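Worth knowing before you read on, the calculation uses all heavy atoms, side chains too, and leaves out hydrogens, waters and symmetry mates. Just so it is clear, the structure is predicted and the values come from calculations on it, not from any experiment. Every chain is numbered from 1 and lettered A, B, ... according to where its sequence line falls, protein lines coming before strand lines.
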Amino acid sequence: MRYEFSAIEKKWQAIWQENGTFRTGESTEKPKYYVLDMFPYPSGSGLHVGHLEGYTASDIIARFKRSRGFNVLHPMGWDAFGLPAEQYAIKTGTHPKITTENNIRSFRETLQAMGFSYDWSKEVNTTDPVYFKWTQWIFLRLYEMGLAYMSDVDVNWCEELKTVLANEEVDEKIADGYTVVRKPLRQWVLKITAYAERLLADLDELEWPENVKQMQRNWIGRSEGVEIDFELRCHGKNLRVYTTRPDTLFGATYLVVSPEHPLAEKLATADNLKEVKAYISRAKLKTELERTGLQKDKTGVFTGSYAINPATGNPLPVWISDFVLISYGTGAIMSVPAHDSRDWEFAKKFNLPILEVIKSPHDVNDAVFEGKESVPVNSSNSEITIDGLAFRKAFDTMASWLEKKGVGKRTINYKLRDWIFSRQRYWGEPIPIKHYEDGTLRTETSLPLTLPDVEAYQPSETGESPLATIHDWLYGSDEFGSFRRETNTMPQWAGSCWYYLRFIDPENSGRLIDPEREKYWMNVDLYIGGAEHAVLHLLYARFWHKVLFDLNVVSTVEPFRKLFNQGMILGEDNEKMSKSRGNVIPADHVLKTYGADAVRLYEMFLGPLEQVKPWNTNGIEGISRFLGKVWRLVYPEQEGNKAELTDETMPEELLRRLHKTIRKVTEDTEALKFNTAIAEMMVLVNELQRNGCRNRTAVESMILLLAPYAPHITEELWQATGHTGSVTDEPFPDYVAGLATDSVVQIAVQVNGKLRGTFSTPAGTPQNSLIETARNVESVMKFLEGKTIMREIVVPDKLVNFAVK
RNA sequence: GCCGAAGUGGCGGAAUUGGUAGACGCCCGGGACUUAAAAUCCCGUGUUCAGCAAUGGACGUGCGGGUUCGAUUCCCGCCUUCGGCACCA
């Protein structure tokens, strides 16, 4: 009988669905394993082979863990709010709900055609009111805790999309060709900064790729420093700066404030006022890109004012420059040009003095020296000296002295900013807040607050969402008076901040999640997804999770214990897959040609899961051949029936091969090294085939090893070998440690480290016997002839090396 | 510029408490089966030199050094690619 993947795959997918094979167990007796994919945005262009990589990996783990006795939760859902459906609605008038439903259906079909063992009874959809009721519920808790507030902020406004973007989204949109400008708007903001310290500290415990943890650390950007007050001459006021290098205070030769600094204009003396005003208004007009982007030519203007260096008593000129950011620290800095490259550059351009206060290997007038490993010089006054102290000691001495004098204060700063949370769009969760005429805000009493139907999806020019035009929905009154609803909606990140919790208890109408279930299932044991979410989604979700922890909704401080980033799959041209390049390999196409089992195996066989690697359609042929060989272990003839499996004992070498393979596949699967696990199975199948082996244990073990990887063909063959149940219910094969090693080993014989011959010997042959045999290997003898053996190095069961002279 | 990861045959990749480099697969070449083809099976396949051949030698894991009996693996100095951050004081 021939291997007809198409019929077999359809057959088993139907059986699984009918029998509810992958329903999550209700019992809490078994150990649990929660394996989660980053759920997709169901786009109109469908899934390509790259999307399937992570899903295949998680599915192999899900099936593997089931066969190892775990109660497995492996769910799938849809992150379905978002711009593309809304943009499509603007163009065509089709309600985003319709578009979304269609896309979800198509995505679900593809995922089912891949044979993924999701428990579809747990499916969630962020646009479903039953789901977003709880997204809104969380928002209200944030509001009550003071973690959600309204603020007039300079937002990132996207002209084309008519909406505000999160800081984290800006670069991505600019890269996509959108225009982003700064614009002041009243916005909802989430106080993620209140959790900065915990978000940073708790990273240490997580089993995440080191680079992702590092990226989050950088993004949070904690720094320890000192705020120092500089007395302004002729102003009677102080100018406060933030520095992480108080040890260089003696070398400060000028100060710089940001153009947005409240004192900026006030600092200008009569002579300089005109120029200062001009500079400030020019800075305002610059876009974010011009100010922080690639062009780093320093500009600035002198205010005419001076401030006193508290360490030296010297007057320092105060400048204004847009390289100083108002949003970080105090919006003002002390400049130490000798030991900071930006300050050095600025000093050179405007001819300001450069003073060496850290012992430098070269003249600081020629080049900056930023090293922290050197020590302070020229840093003494009548009260204090830090000369010669190591960085940490110098920092502390200086900070304490400043604090004692009342002109300084140790401070911790973060790069992390609060999260601008509102979007002026239709297709998102409505923010459940009512604005009363007297300016007070109250929370909606009844959730979910659903979206009304609208005629036009186009946002208004004023920066309000289309919801502002639906008067029936917008206005109302209650015992507190008449109110207007909030018309902003939440960003797409909102729904994905907590979906992993809802999978545990998706139908609960009374609470977000049942506490007992939560305790059993959390944390997520393995979370697989793309590295593009290293900061955004993963930081937001961790933030919300910690809030929910503080609310006693969840029992763990972190949501995702282990994270794994699959590497991107490139097109056959070695470029990122994209429509414009025309190198996209659509999932449905390869599924049809090669079948789900072959696609699953091939995606995993391409190379290490975490690595970026190109797709090569030729390569999948090898996998198809492999599946054919597996098939012929049971059905050796194209025509005719299956072979009888025998219970005869296997040759010892084959038996050892089997146990070695079981061990390797078990270990590699556990470690997500699927490429080498598959290679090992190929070795076993080649051996069985070459030997015409029909041993029942061998063939059945092989089927069970392969089952997590290629579920359809293995179900079929399991049935063909006389079993009635599903392979899903079978335990993963065990190996016997004593059989998982070779009984006869090859010994390499080297002379001076060069390979000169080999011989076979039983494992465990004693050293002197190895040396004796090695010495008499013919190809070795001629290299020993006439030489003196200085040393014999033996690695048992591996190698003998003669060091000769 | 800073941080992180990686450089191995024609290609994807394997092997690192230092121990036979190139598992497995693709491509390519030869053969068997077949009227023929497909499918399948068998053999070969890092480079180079010597030889009719069996075979044997040299070289070979980005580059240059070092440690070692022995280095893809460890150390020092470079180069390149990819990912991230980018005036955060």
Side-chain angles (χ1 to χ4, degrees), chain A residues 2 171 209-215 217-219 221-223 225 241-245 248 256 291-298 321-325 327-336 339-343 345-346 370 413-417 531-532 534-535 565 567-568 574 601-602 605-608 610-623 625-626 628-629 632 636 638 673 675-683 685-686 689-690 746-758 779 782 789-805:
Chain A
R2 293 182 71 121
D171 291 346
E210 205 45 53
N211 65 318
V212 175
K213 293 208 258 186
Q214 200 53 44
M215 277 160 75
R217 287 190 193 109
N218 292 342
W219 192 265
R222 182 185 198 272
S223 78
V241 308
Y242 173 73
T243 180
T244 54
R245 296 295 302 272
T248 62
V256 187
R291 277 194 52 176
T292 64
L294 301 169
Q295 169 243 34
K296 304 217 171 143
D297 223 17
K298 298 256 183 307
S321 173
D322 64 5
F323 85 85
V324 177
L325 309 174
S327 49
Y328 184 77
T330 62
I333 61 160
M334 67 177 210
S335 279
V336 185
H339 307 295
D340 180 288
S341 58
R342 297 153 302 181
D343 297 345
E345 218 181 290
F346 194 84
E370 297 187 295
N413 256 306
Y414 299 92
K415 287 204 266 182
L416 185 70
R417 305 291 151 77
E532 66 273 19
V535 268
N565 292 131
M568 203 189 325
N574 238 308
L601 274 171
Y602 182 57
F605 187 63
L606 271 175
E610 67 278 13
Q611 199 164 300
V612 177
K613 46 212 175 282
W615 179 268
N616 173 4
T617 299
N618 271 336
I620 201 170
E621 297 288 350
I623 291 291
R625 275 174 218 152
F626 168 65
K629 283 185 198 175
R632 287 191 298 276
Q638 275 194 31
K673 291 177 177 173
N675 55 330
T676 47
I678 294 166
E680 196 70 9
M681 287 192 266
M682 288 174 166
V683 172
V685 169
N686 288 345
Q689 180 226 251
R690 240 190 294 276
Q746 281 261 312
I747 304 293
V749 186
Q750 298 181 336
V751 177
N752 285 340
K754 292 199 178 194
L755 183 70
R756 297 303 182 187
T758 61
S779 57
K782 63 181 177 192
I789 295 175
M790 314 297 291
R791 243 175 102 188
E792 291 139 342
I793 297 112
V794 181
V795 182
D797 291 346
K798 286 245 163 165
L799 161 146
V800 176
N801 184 16
F802 297 106
V804 304
K805 218 163 147 185

Colleague: Identify the nucleotide, in any strand shown, that forms a Watson-Crick or G-U wobble pair with B:C82, with both distances under 3.5 Å; if there is none, say none.
Modeller: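 Paired with B:C82, as far as the under-3.5 Å criterion goes, is B:G4.
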Colleague: Counting Watson-Crick and G-U wobble pairs only, both distances under 3.5 Å, name the nucleotide matched with B:G77, or none.
Modeller: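 By the stated definition (distances under 3.5 Å), B:C63 pairs with B:G77.
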Colleague: A:Lys415 near the nucleic acid: base, sugar-phosphate alone, or nothing, with a heavy-atom cut-off under 4.0 Å?
Modeller: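 It contacts base atoms.
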Colleague: What contact category does A:Lys213 fall into here, base, sugar-phosphate, or nothing, at under 4.0 angstrom with non-hydrogen atoms?
Modeller: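 A:Lys213: no heavy atom of the nucleic acid under 4.0 Å.
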Colleague: What's the closest nucleotide to the side chain of A:Leu799 if the choices are B:G4, B:U20, B:C42?
Modeller: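 So the nucleotide nearest the side chain must be B:U20.
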Colleague: Tell me whether the OP1 or OP2 atom of B:C41 has a side-chain N or O from A:Arg632 closer than 4.0 Å.
Modeller: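 Answer yes for this pair, as a side-chain N or O of A:Arg632 is under 4.0 Å from OP1 or OP2.
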Colleague: So, is A:Lys754 near the phosphate of B:C59, with a side-chain N or O under 4.0 Å from OP1 or OP2?
Modeller: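 For B:C59, OP1 or OP2 has a side-chain N or O of A:Lys754 closer than 4.0 Å.
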Colleague: Report which part of the nucleic acid A:Val795 touches: base, sugar-phosphate, or nothing (heavy-atom distance under 4.0 Å, all strands).
Modeller: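 The answer is base, as A:Val795 lies within the cut-off (heavy atoms under 4.0 Å) of a base atom.
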Colleague: Paired with B:A71: which nucleotide, if any, by Watson-Crick or G-U wobble criteria at under 3.5 Å for both distances?
Modeller: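 Its partner: none found.
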Colleague: Considering only B:G12, B:G19, B:C24, which nucleotide approaches the side chain of A:Ala679 most closely?
Modeller: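 Of all the options, the side chain of A:Ala679 is nearest to B:C24.
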Colleague: What distance, rounded to whole Å, do you find between the two P atoms, one in B:A58 and one in B:A71?
Modeller: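 Per the computed distance, 15 Å lies between those P atoms.
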Colleague: Identify the nucleotide, in any strand shown, that forms a Watson-Crick or G-U wobble pair with B:A21, with both distances under 3.5 Å; if there is none, say none.
Modeller: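 Matched B:A21 with nothing under the 3.5 Å cut-off.
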Colleague: Can you measure A:Glu680 atom CD to B:G25 atom C1' for me and round it to whole angstrom units?
Modeller: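 Checked: the CD to C1' distance equals 14 Å.
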Colleague: How long is the line joining OH of A:Tyr602 and P of B:C26, in whole Å?
Modeller: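 In whole Å, B:C26 P lies 10 Å from A:Tyr602 OH.
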Colleague: Who is the Watson-Crick or G-U wobble partner of B:U55, with both distances under 3.5 Å?
Modeller: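 B:U55 is paired with B:A50.
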Colleague: Verify the contact: side-chain N or O of A:Arg791 to OP1 or OP2 of B:U68, cut-off strictly under 4.0 Å; return yes or no.
Modeller: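 It does not, given that no N or O in the side chain of A:Arg791 lies less than 4.0 Å from OP1 or OP2 of B:U68.
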Colleague: Calculate the interatomic distance between A:Leu601 atom CG and B:G12 atom P; express it in whole Å.
Modeller: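 It works out to 21 Å between those atoms.
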Colleague: For A:Phe346, does the six-membered ring have the charged nitrogen or CZ of A:Lys298 within the cation-pi criterion, i.e. under 6.0 angstrom from the centroid and within 45° of the normal?
Modeller: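 No cation-pi geometry.
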Colleague: May I ask you to evaluate whether A:Arg217 reaches the phosphate of B:G4, defined as a side-chain N or O under 4.0 Å from OP1 or OP2?
Modeller: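 Result: no.
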Colleague: Taking the side chain of A:Thr676 as its heavy atoms from C-beta onward, which of B:A89, B:A15, B:U20 lies nearest to it?
Modeller: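 Among the listed nucleotides, the one closest to the side chain of A:Thr676 is B:A15.
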Colleague: On the nucleotide B:C41, are OP1 or OP2 found under 4.0 Å from the side-chain N or O atoms that A:Gln689 carries?
Modeller: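 So the side-chain polar atoms of A:Gln689 do come within 4.0 Å of the phosphate oxygens OP1 or OP2 of B:C41, strictly under.
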Colleague: According to a strict under-4.0 Å criterion, is A:Ser223 in side-chain N/O contact with OP1 or OP2 of B:A89?
Modeller: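 A:Ser223 to B:A89 OP1/OP2: side-chain N or O found under 4.0 Å.
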Colleague: Identify whether the glycosidic angle of B:G9 places it syn (within 90° of 0) or anti.
Modeller: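 Here B:G9 takes the syn form, which means its glycosidic angle is within 90° of 0.
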Colleague: Among B:C26, B:G57, B:C69, which nucleotide sits nearest the side chain of A:Arg756?
Modeller: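 Nearest listed nucleotide: B:G57.
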Colleague: Which nucleotide, in any strand shown, forms a Watson-Crick or G-U wobble pair with B:A89, with both distances under 3.5 Å?
Modeller: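 The answer is none; no pair meets the criterion.
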Colleague: Please confirm whether any donor atom in the side chain of A:Asn618 sits under 3.5 Å from an acceptor in the base of B:C26, or the reverse.
Modeller: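 By the distance-only test, no, there is no pair.
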Colleague: How many whole angstroms separate atom CD1 of A:Ile793 from atom C1' of B:C69?
Modeller: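 In whole Å, B:C69 C1' lies 4 Å from A:Ile793 CD1.
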Colleague: A:Gln750 CD to B:C69 C1': how many Å, rounded?
Modeller: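 Value for this atom pair: 8 Å.
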Colleague: Determine the interatomic distance between C1' on B:U61 and the same-named atom on B:G56; round to the nearest Å.
Modeller: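 The same atom, C1', in both gives a distance of 24 Å.
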Colleague: Between B:C3, B:C24, B:G70, which one does the side chain of A:Asn801 approach most closely?
Modeller: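 The answer is B:G70, which lies nearest to the side chain.
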Colleague: Would you say A:Asn675 places a side-chain N or O within less than 4.0 Å of OP1 or OP2 belonging to B:A14?
Modeller: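 Yes, because at least one side-chain N or O of A:Asn675 sits under 4.0 Å from OP1 or OP2 of B:A14.
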Colleague: Taking the same atom, C1', in B:G65 and in B:C49, what whole-Å distance lies between them?
Modeller: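 Here B:G65 and B:C49 have their C1' atoms 28 Å from each other.
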Colleague: Send over the distance from A:Asn752 CG to B:U20 P, rounded to a whole Å.
Modeller: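 Those two atoms, CG and P, are 17 Å apart.
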Colleague: Under a 3.5 Å cut-off for both contacts, is B:A14 paired Watson-Crick or G-U wobble with anything, and if yes, with which nucleotide?
Modeller: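 Checking every strand shown, B:A14 finds no partner, since no pair has both distances under 3.5 Å.
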Colleague: Distance check needed: B:G12 C1' versus A:Phe626 CZ, whole Å only.
Modeller: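 It is 17 Å, rounded to the nearest whole Å.
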Colleague: For B:C42 and A:Arg690 - does any side-chain N or O of the residue sit under 4.0 Å from the phosphate oxygens OP1/OP2?
Modeller: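 True: A:Arg690 side-chain N/O within range (under 4.0 Å) of B:C42 OP1/OP2.
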Colleague: With respect to the side chain of A:Phe605, which nucleotide from B:C24, B:G19, B:C87 is positioned closest?
Modeller: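 Shortest atom-to-atom distance from the side chain points to B:C24.
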Colleague: Quantified in whole Å, what is the C1' atom distance between nucleotide B:G18 and nucleotide B:A50?
Modeller: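 Comparing C1' positions in B:G18 and B:A50 gives a spacing of 34 Å.
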Colleague: Answer whether the closest heavy-atom distance between the side chains of A:Gln750 and A:Ile793 falls below 4.5 Å.
Modeller: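 When only atoms from C-beta onward are counted, A:Ile793 and A:Gln750 do not touch, as no gap falls below 4.5 Å.
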Colleague: Provide the Watson-Crick or G-U wobble partner of B:C41, both distances under 3.5 Å; none if there is no partner.
Modeller: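 Check on B:C41: paired to B:G31, both distances under 3.5 Å.
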Colleague: Find the distance A:Glu621:CD to B:C24:P and express it as a whole number of Å.
Modeller: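 The answer, rounded to whole Å, is 20 Å.
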Colleague: Check every strand shown and say whether A:Glu792 touches a base, only sugar-phosphate, or nothing at a heavy-atom separation below 4.0 Å.
Modeller: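 It contacts nothing in the nucleic acid.
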Colleague: Out of B:C42, B:G25, B:U20, which nucleotide sits closest to the side chain of A:Leu755?
Modeller: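 For the A:Leu755 side chain, the nearest candidate turns out to be B:U20.
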Colleague: Of A:Phe802 and A:Asp343, whose nearest nucleotide on RNA chain B comes first from the 5' end?
Modeller: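 On the 5' side of the pair lies A:Phe802.
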Colleague: Can you tell me, in whole Å, how much space there is between the C1' of B:C3 and that of B:U8?
Modeller: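 B:C3 and B:U8 have their C1' atoms separated by 26 Å.
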Colleague: Donor-acceptor pair under 3.5 Å: do we get one between A:Glu210's side chain and the base of B:G4?
Modeller: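 Check fails, no donor-acceptor contact within cut-off.
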Colleague: If you measure from the P atom in B:C75 to the same atom in B:G7, how many Å do you get, rounded?
Modeller: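 Straight-line distance between the two P atoms is 15 Å.
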